[in-house]
Student: 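Dropping a structure here in structure tokens format, bear with me for questions.
Computed from heavy atoms alone, side chains included, the values below leave out hydrogens, waters and symmetry copies.
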Amino acid sequence: MTMVAKVSTPGVEELAKRVDDAVAALADLDPKARAVAEELKSALEAVHREGLVTIVRRMRADDSARAVLFELVDDPVVHLLLSLHEIVRPDPLTQAGRVLESVRPQLQSHGGDVTLVRVQDGTAYVRLDGACNGCSMSSVTLRNLVEDALVQEVPAISAVEVLPNDPSPTLIPIEALRIGPASSREGWARVGPAAGLLDGALTACSLTADSGERAEVIVVSVEHRLSAYRNECAHEAMPLDNAILDAGNGTLTCPWHGFCYDASSGECLSAPGAQLEQLPLRVDNGDVWVRVRG
């Protein structure tokens, strides 16, 4: 019986390191040898890229092969290969996020930080915090650092717009909501005990006020702060009962068509200009009340 030696398959990190090491080694060659090596590298890359482009194009055009192609692109080694030849590229939002991670330590060392809100039509929209949000020369320098990094490192971004850092507070701390006994509850409907609303969760409910007004409502709790919205996506008014609440990122995503909202403001992040309809909310004697009449 013939024994076949088992050959270990290198992982994507090892392969990527070999590529990086080989490229770095080119700098140590004498000019003539480096020119030959770079020409060989360029020629091989051209051949490989042309072959890969042909394979990808043919598979995308074939209904039965398209699904296989998409599965292959998710394979780390295949994705690395296609990325090296610029056949697949990270989306601008992912690229921008990586770039901001690289400059974040410098911002934080000066008492500032940055949040990427969205990328739309070649413009990155960001919010600056701490020292970055001031008006001193140091703040201007940090703002320029963010803008220069995004414009230079992300081809799809040509401009950066800093959004105001004082959005209207739609998430209200539970401890700050207590108003005292309600003298009038006209138009208000009782949701239930505040203690019964799980943090980091969404609660859908059908509410009826004493005056007869009715509304389908969702109540969102993020870090023990509450906000209430009509149970309608701003896209096609589809219900948000099963929306995905990411408390860590503060986002609420519609399960029907993927429209993503800022849970703290109701602003739509995937379609700027759209907005969830927020309803007034308060806590009286430990009970949550929502005003269902506009």
Side-chain angles (χ1 to χ4, degrees), residues 10-24 26-27 41 45 48-49 52-53 56 69-133 138-165 167 244 246-253 258-264 267-272:
V12 63
E13 293 183 1
E14 180 183 345
L15 293 171
K17 185 177 184 303
R18 288 176 61 184
V19 172
D20 291 340
D21 291 346
V23 172
L26 288 176
K41 171 177 170 290
E45 286 179 346
H48 291 163
R49 188 179 193 283
L52 288 169
V53 167
V56 170
L69 172 62
F70 293 155
E71 290 179 6
L72 286 172
V73 172
D74 289 334
D75 180 88
V77 176
V78 175
H79 195 279
L80 172 63
L81 179 61
L82 297 178
S83 298
L84 287 174
H85 292 282
E86 298 184 341
I87 297 173
V88 297
R89 302 173 185 172
D91 62 275
L93 195 64
T94 300
Q95 284 184 299
R98 292 173 181 172
V99 169
L100 292 181
E101 282 301 315
S102 69
V103 302
R104 181 165 279 114
Q106 189 171 349
L107 297 174
Q108 292 176 341
S109 69
H110 289 79
D113 208 341
V114 61
T115 300
L116 177 64
V117 177
R118 64 181 182 271
V119 175
Q120 179 187 8
D121 298 331
T123 299
Y125 295 85
V126 302
R127 284 197 175 99
L128 300 174
D129 303 311
C132 299
N133 199 38
S138 173
S139 298
V140 172
T141 300
L142 296 179
R143 291 162 69 99
N144 289 341
L145 171 66
V146 171
E147 183 172 2
D148 291 345
L150 289 173
V151 172
Q152 292 176 14
E153 300 296 330
V154 184
I157 293 177
S158 57
V160 176
E161 182 172 329
V162 178
L163 297 175
N165 205 29
I244 301 169
D246 187 331
N249 292 327
T251 58
L252 186 70
T253 303
F259 276 59
C260 182
Y261 298 91
D262 183 338
S264 67
E267 174 191 4
C268 186
L269 304 178
S270 52

Student: Using the rule given for side chain to side chain contact (heavy atoms under 4.5 Å, CB included), can you reason through V126 versus L150, listing the C-alpha separation, both sets of side-chain angles and the distance that settles it, and then say yes or no?
Tutor: CA-CA 11 Å; V126 302; L150 289 173; 4.2 Å; yes

Student: Shortest non-hydrogen contact from T251 to C260?
Tutor: CB-SG, 3.8 Å

Student: Could you state the interatomic distance from CG (L107) to CG (L128), rounded to the nearest 0.5 Å?
Tutor: 8.0 Å

Student: If you compare all heavy atoms of D262 against all heavy atoms of G250, which two are closest, and at what distance to 0.1 Å?
Tutor: OD1-O, 3.6 Å

Student: Just verifying a value: how many Å separate R104 CZ and L145 CG, rounded to the nearest 0.5 Å?
Tutor: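 With rounding to 0.5 Å, CZ (R104) is 11.5 Å from CG (L145).
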
Student: State, to 0.1 Å, how close L116 and A96 come at their nearest heavy-atom pair, and which atoms those are.
Tutor: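 Taking L116 first and A96 second, the nearest heavy atoms are CD2-CB, 3.7 Å.
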
Student: Of all heavy-atom pairs between A124 and I157, which one has the smallest distance, and what is that distance?
Tutor: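 Smallest interatomic distance, heavy atoms only, reads CB-CD1, 3.8 Å.
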
Student: Could you grab the distance from atom OH of Y261 to atom OG1 of T253, nearest 0.5 Å is fine?
Tutor: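 The OH atom of Y261 sits 10.0 Å away from the OG1 atom of T253.
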
Student: Look at R98 together with E101 and state whether they make a salt bridge at an N to O cut-off of under 4.0 Å.
Tutor: no

Student: Hey, are E147 and R143 close enough for a salt bridge, meaning a charged N less than 4.0 Å from a carboxylate O?
Tutor: no

